[in-house]
Chemist: 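Here it is: the structure, laid out below.
Sequence lines set the chain letters: A, B, ... in the order given, protein chains first and strands last, and positions in each chain run from 1.
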Amino acid sequence: MSELDEIGFGEEAALLKQQAGRLLAERMPIDRLHAMVAGHDANRSGPPPWDESLWREMVDLGWSALALPESAGGIEMPLTAIAGLMEEIGRAALPGPLLDTLAVSLVLAEVGDTAQPAMTALAGGDAASLAICDRYGAWRAEDLDVEYRDGLLNGRAWHVQELSRVQHFLVAARNGDGLSLFWVDASADGVQLERDDIVDLTRDQGRVVFRNVVAMPLTLQGQSALDAAFPAIWTLLASEMAGASEWLLQTTVEYACTRQQFDRPLGWFQAVKHPLVNLMIKIDETRSLVFEAACAMDDGAEEARDLAHMAKASACDTAAFAANRSVQLHGGIGFTWECFVHVYFKRLLHGRSLWGGAQWHRARLAERVIGPLAA
Amino acid sequence: MSELDEIGFGEEAALLKQQAGRLLAERMPIDRLHAMVAGHDANRSGPPPWDESLWREMVDLGWSALALPESAGGIEMPLTAIAGLMEEIGRAALPGPLLDTLAVSLVLAEVGDTAQPAMTALAGGDAASLAICDRYGAWRAEDLDVEYRDGLLNGRAWHVQELSRVQHFLVAARNGDGLSLFWVDASADGVQLERDDIVDLTRDQGRVVFRNVVAMPLTLQGQSALDAAFPAIWTLLASEMAGASEWLLQTTVEYACTRQQFDRPLGWFQAVKHPLVNLMIKIDETRSLVFEAACAMDDGAEEARDLAHMAKASACDTAAFAANRSVQLHGGIGFTWECFVHVYFKRLLHGRSLWGGAQWHRARLAERVIGPLAA
Amino acid sequence: MSQAQAAFSPEQEDFRTYCRQWLLDNPVGPAPAGMPSGPLEITQSEHMAHLQRWQKKAWEAGLIGCDYPVEYGGQGRQHCQEIANEEMSRAGFPFLPNIVGLGMAAPTILHHASEELKRELLPPIFSGEEIWCQGFSEPGAGSDLANVQATAERKGDKWIINGHKVWTSLAHFSRWMILLARTDRSDKYKGLTYFVAPMFADGITISPLVKITGESGFNEVFFENLEIDDRYRLDEVGTGWQVAMTTLLHERGASGLRTPEVIPQDQGDGGTVDARSLIELARTAQGDGGPAAQDPIYRDRLMQLLIRERAKSAHERRAQVPALQDHPQRLALQNKLLNSELVQDSAALALDMTGSTSTLAQGDANAPDGGLWPYAYMNSFGATIAAGTSEIQRNILGERVLGLPRSK
Amino acid sequence: MSQAQAAFSPEQEDFRTYCRQWLLDNPVGPAPAGMPSGPLEITQSEHMAHLQRWQKKAWEAGLIGCDYPVEYGGQGRQHCQEIANEEMSRAGFPFLPNIVGLGMAAPTILHHASEELKRELLPPIFSGEEIWCQGFSEPGAGSDLANVQATAERKGDKWIINGHKVWTSLAHFSRWMILLARTDRSDKYKGLTYFVAPMFADGITISPLVKITGESGFNEVFFENLEIDDRYRLDEVGTGWQVAMTTLLHERGASGLRTPEVIPQDQGDGGTVDARSLIELARTAQGDGGPAAQDPIYRDRLMQLLIRERAKSAHERRAQVPALQDHPQRLALQNKLLNSELVQDSAALALDMTGSTSTLAQGDANAPDGGLWPYAYMNSFGATIAAGTSEIQRNILGERVLGLPRSK
């Protein structure tokens, strides 16, 4: 594990973030991304396009192993550093299973010894995704559609991200009264992928159907492994959303500085300037909470879980506001594919509902801070 | 009962509103009101000042009897007309027990024959106020502090408006499992008035303490009489608040047109102009809902209660926004007694919490429109 | 009988009875598959043809354009269009496809065109036989509409048009365009002239723009030496800005002359963006922990929208009482802003309530209400941007109604 | 040990130990009755005297002004004031009354005054013996600060001051004022000069203004031929605007030099406007139907405020990491806006939660938290208006950080 500097974001972390920013700007500038995803949207047949060779390169750089323990062949960077990287991923609206593979790593790290083979696969460069949600996107044992009985998985996991871009799924299933976790190959017998038709042009979402899939639990304490890992996962997603929101801010500011109406640049008008400032304030709120949450997790601080709820709640509100105002302030052009705002708009609306929306996170936070709601 | 015109607001109503506007502008312009209430605030001893002779004149004009049935010597104007009058009362921020006397009339009209003596007193020019609330401003039987037993009232009614400006109280008390209503003279044996020290400079609020006060129930069905009368009461209060909010809007617009900063009138800046427009929109929402609610009540339409909840919920939000923005947009002067905004600011904050705030009214509306919350 | 109905004249009441009967006698058969939700979303000729057929039938029955004079294809009635609109809406009649023609071109032609043009152009607008589009906006003239750069140069009795219009809905179906062009570079406002341009002439290229939703729906229109006759000019040379204001007044619903239109009714099928549909959605939609209709926070937000929506319809009655208003245009000029922001906020709430299922697109079998809501949300920006952005609407309200100094 | 603490230097850690010990050894005795909640609310001499005594003691112990050079009454330390602030705040030390002196006058004097003035004026600021007030705002110069009309006319070695300043907090206790005056009518910005003015001289009339709360707290100050020595001028004639910017930079908390201050701690007694106090309030406050803490809507609103508050404190750590920022001033310049609007919104939520009891004034026995909340709400507008309104703050952020064109 690399040494933390005093403040929680060391030179290594700064270099990683810088490297990512440069690589993505060069390899997947928004006009290239747009050309790639726009082609697909017209007919919507087959999997949504992404740049798999860029992904391989990211794997070679070690990014997909950043959250794996060193003991499992991973890099085990501080979460602050990984969150910094995710901000750049968001800024580029990059399609691909990085967030999901990191999320799976974080859960596996909570599982213990039985997760070793799975971690080895990830350390070797495989990608994985969480297959843990019910049809409403929640992951409580009693609601899950997937059930484990007599050594077999049956049912359907919903809202699985990066469906056809990963080699493995970390599956949550009802097992008696509890929730157990399983490691299932995407190509295993009885596994079938059903693609969702989604609004977001950068993601690949769908359902994984299990029909008598032979499996062995990684852990019977699935709920507590998920609970332990999710604060870090929320934080990474929040960071990614902050990065995408920042792209919208900067792009809209740029447009407001050049676009002239009434012989003035748009940004001269307070009706444009002040909402942009409000957006900046919201983004900064999210970014600081992300950093604070990541620091708290790296430190093992008690407040970490609260901060993660705060970060994701903030990210959701920031994303909604960023998406809304950047289309509006672009005016007519923002309503078309002539500019690229819509790609981020859709990606942010997607991220907003993933793994809990703002209101859900605030309700969880309230339970912790105020105490439970009386029944 | 006067004839309704086709649209619900006839010539008589228009004349009443006009007459009220003229009378109040002449007799209680804001500088006079301010001089009157500002003197009191310095020491806060004794009852807050008001113009009792103006009140007598209003009584002589019949205003306090507008909601009384003709059969009881009242004028029985349509609620639309009375709401129009209340808008002018709000515009003038007029201290005095008009709203409260009207509210009591509306409840008495629901009570039936036993209310005749009380209605006769009001028709004769007396003023009255509701003494129905618990310490939190609610009026459910189980929470009331006042109890009726063996012919005697004991306990304390909270948040009684116009405490020392009325001759009678309409009292709600627990009576066994139910809520009964009583007619009690302010000067009756065992009645004691305790004045609240309040923020609003135009109202006189306090508690009425009952110690073995001899009383006979007007009705045992007090809850249903209150329930039947409250939609009209909420509508009148909402109208009053809309009038006060409109005064703040017009006053702030005027200031924004004259005050110069950066060689421009303030209102030239969109950061000032757009909030004022938003305030106008909110005020119009309240005013239209008030009128629609009053029409529905005059028509006996089923939607009346829904509309009254909407009107008061809207009035509360409008009031909060009006108070907030008019101080802010006045800048430094708005933060002082050099301008009169603060009088309306305080009056509106008071009205906002009276007889249910925005959230409470929306929760009641939701019960009616969506259905009850499952326990 | 409610007071609102009591305010109708006997002529109106008779007309209502007539409309209701006609609509009963002429039930609308099944529509072609995949019908769009509104006129601006029409992309297929089959859908357009279906809608045009029904518009023509209703016009022949006297339900469309009925407040216009008989010689222009109307019925010479007074305040009857609102009755026809109500009855058509209630009957679930198909929406009228010629939205630009009916709402913008017709009133502008009525006020500013020659007698000859009125007789020529108005009847096929009402019948729906000639679809219209609008040629105001340009890449450099959005909110700043007067910045129009497309030129009209006089050449004898003709005008030569060159330039580039954008966001032109229905251009590919249109026979006519209302066109704002520059005839004088020396004065921003007085240098504009208003024309009606034949879209069937040479010199016009139409190229579709992709909307945020991924659908094509409007277009860019390029003029290259389009030649049009001087008789297609409305009003005087140099008065284009004033004429355009007539158009916008009607587009924003702020005029007395009611536009023929059919408001899609909520049929409990969740097909409309209104509070009732949202409440129905809330009964099933959930993120986590039960349906939104049982969540006090969503209940509160739903009631906030319901209140805004109900207030908007309540404006109609109060607008008829001068004693309850401070400025004659105060309610009318709010119309566009209230409608467009209410739809946007409603769709946003639906996205929140549907949680993870809000990610699903139109066409996905598991999408709530068939994927209506994310598309309603995206499309809502059309309304908060077009015909004067919400920011411009607030300027207009602040300046014209409140009397605040002009920001520009 | 948290990372935040690990970031302190050994000198800072030693200093913290010293502060903590001193504060333990010097417990603050009981205060006079009716102590105000902050420096700007001080109206009684008795309260002022009590606070001045404690400020002096802390200065003598080296806790105030410690990052300033020794010759100016400081200790010549580095980044130690924040330590002293934290420790004093934690220990519940009384707030420092000389807020204008410490936060505005001292850094301005340090950067712009002559050596002689620094030695003369700075030590009694830190000791609290000389209270300062600010003479920037005028009836016609609020947001448009450069519109100052008070004049300074040169007369040999003297300046003659005439004019009218407003919103002057603490004027009646002050020995000095930082004064912005016009020395040239021909140029709005370059016509200003910055002085320090003795409030004990002839030619000054102080007249109290009543605040929205009904309390007096600040003043109007009238100058009638006040004569001051040229040595009281800061920097050059005509550079007043630049000097004032130094003052405002420090007032808005956007500079590196930390102001000595004590942040009142929430002692569970609901005396502070922060999320913790609100949550405590919510456990008892109710409108109808149970305490607010059991109402999902209030819980959600409470969490929204808690999140804003926590993010604000999280800014401090991120501000130290250049790699996590896009613009060096981006977080610092938000400080004033975030603080003032958070307090305002928090107080507004408290009013909602307390329902009918929110009508009760300070002094009413039944008022929640002694009537704190309505007064906190009213006073909050002081902070959203003074020292650059929230509207001006948004202009500054948009222009300086985002690089948008200047609105003025």
Chemist: Do you know which of B/Leu249, B/Asp317, B/Ile281 has the most heavy-atom pairs under 4.5 Å to chain C?
Modeler: B/Ile281
Chemist: If you count heavy-atom pairs within less than 4.5 Å of chain C, which of B/Glu87, B/Glu367, B/Met280 leads?
Modeler: B/Met280
Chemist: Only pairs of heavy atoms separated by less than 4.5 Å count here; which of B/Leu266, B/Asp306, B/Leu307 has the most with chain C?
Modeler: B/Leu307
Chemist: Check whether B/Phe269 forms a cation-pi arrangement with B/Arg264 (NZ or CZ under 6.0 Å from the six-membered ring centre, at most 45° off the ring normal).
Modeler: no
Chemist: Under 3.5 Å, is there a donor-acceptor pair between the side chain of C/Thr354 and the main chain of C/Ala285?
Modeler: no
Chemist: Does the ring of B/Trp360 carry B/Arg362 above it, NZ/CZ under 6.0 angstrom from centre and within 45° of its axis?
Modeler: no
Chemist: Is C/Ile279 in contact with chain B via its backbone, its side chain, both, or neither, using a 4.5 Å heavy-atom distance?
Modeler: side chain
Chemist: Using a cut-off of under 4.5 Å for heavy-atom pairs, which of B/Gln359, B/His361, B/Glu303 has the most such pairs with chain C?
Modeler: B/Glu303
Chemist: Which pair of non-hydrogen atoms, one from B/Gly8 and one from B/Cys295, has the smallest distance, and what is that distance?
Modeler: CA-SG, 4.4 Å
Chemist: Measure the shortest side-chain to side-chain distance between B/Leu16 and B/Trp63 over non-hydrogen atoms and say whether it is less than 4.5 angstrom.
Modeler: yes
Chemist: Which region of B/Ala311, side chain (C-beta onward) or backbone (N, CA, C, O), has a non-hydrogen atom less than 4.5 Å from a non-hydrogen atom of chain C, or is it both or neither?
Modeler: neither
Chemist: For chain C, which of B/Val253, B/Val272, B/Ile370 has the most heavy-atom pairs under 4.5 Å?
Modeler: B/Ile370
Chemist: Name the member of C/Leu302, C/Asp326, C/Leu331, C/Val321 that forms the most heavy-atom pairs with chain B at distances under 4.5 Å.
Modeler: C/Asp326
Chemist: Begin from the C-alpha positions of C/Glu341 and C/Arg394 and carry the test salt bridge (charged side-chain N to carboxylate O under 4.0 Å, His left out) through to its verdict.
Modeler: CA-CA 12 Å; C/Glu341 295 196 339; C/Arg394 288 191 165 82; 2.9 Å; yes
Chemist: Taking all heavy atoms of B/Leu329 and all of B/Ala271, pick out the closest pair and write down the distance.
Modeler: CD2-O, 4.2 Å
Chemist: Non-hydrogen atoms of chain C under 4.5 Å away: do they reach the side chain of B/Glu254, the backbone, both or neither?
Modeler: neither
Chemist: Below 4.5 Å, heavy-atom pairs only: which of C/Arg308, C/Arg330, C/Gln334 has the largest tally toward chain B?
Modeler: C/Arg330
Chemist: Let me know if C/Gln304 has heavy atoms under 4.5 Å from chain B in its side chain, its backbone, both or neither.
Modeler: both
Chemist: I'd like to know which of B/Lys17, B/Arg287, B/Glu285 tops the heavy-atom pair count under 4.5 Å against chain C.
Modeler: B/Arg287
Chemist: Measuring only between side-chain heavy atoms, which start at C-beta, is C/Phe381 closer than 4.5 Å to C/Gln344?
Modeler: yes
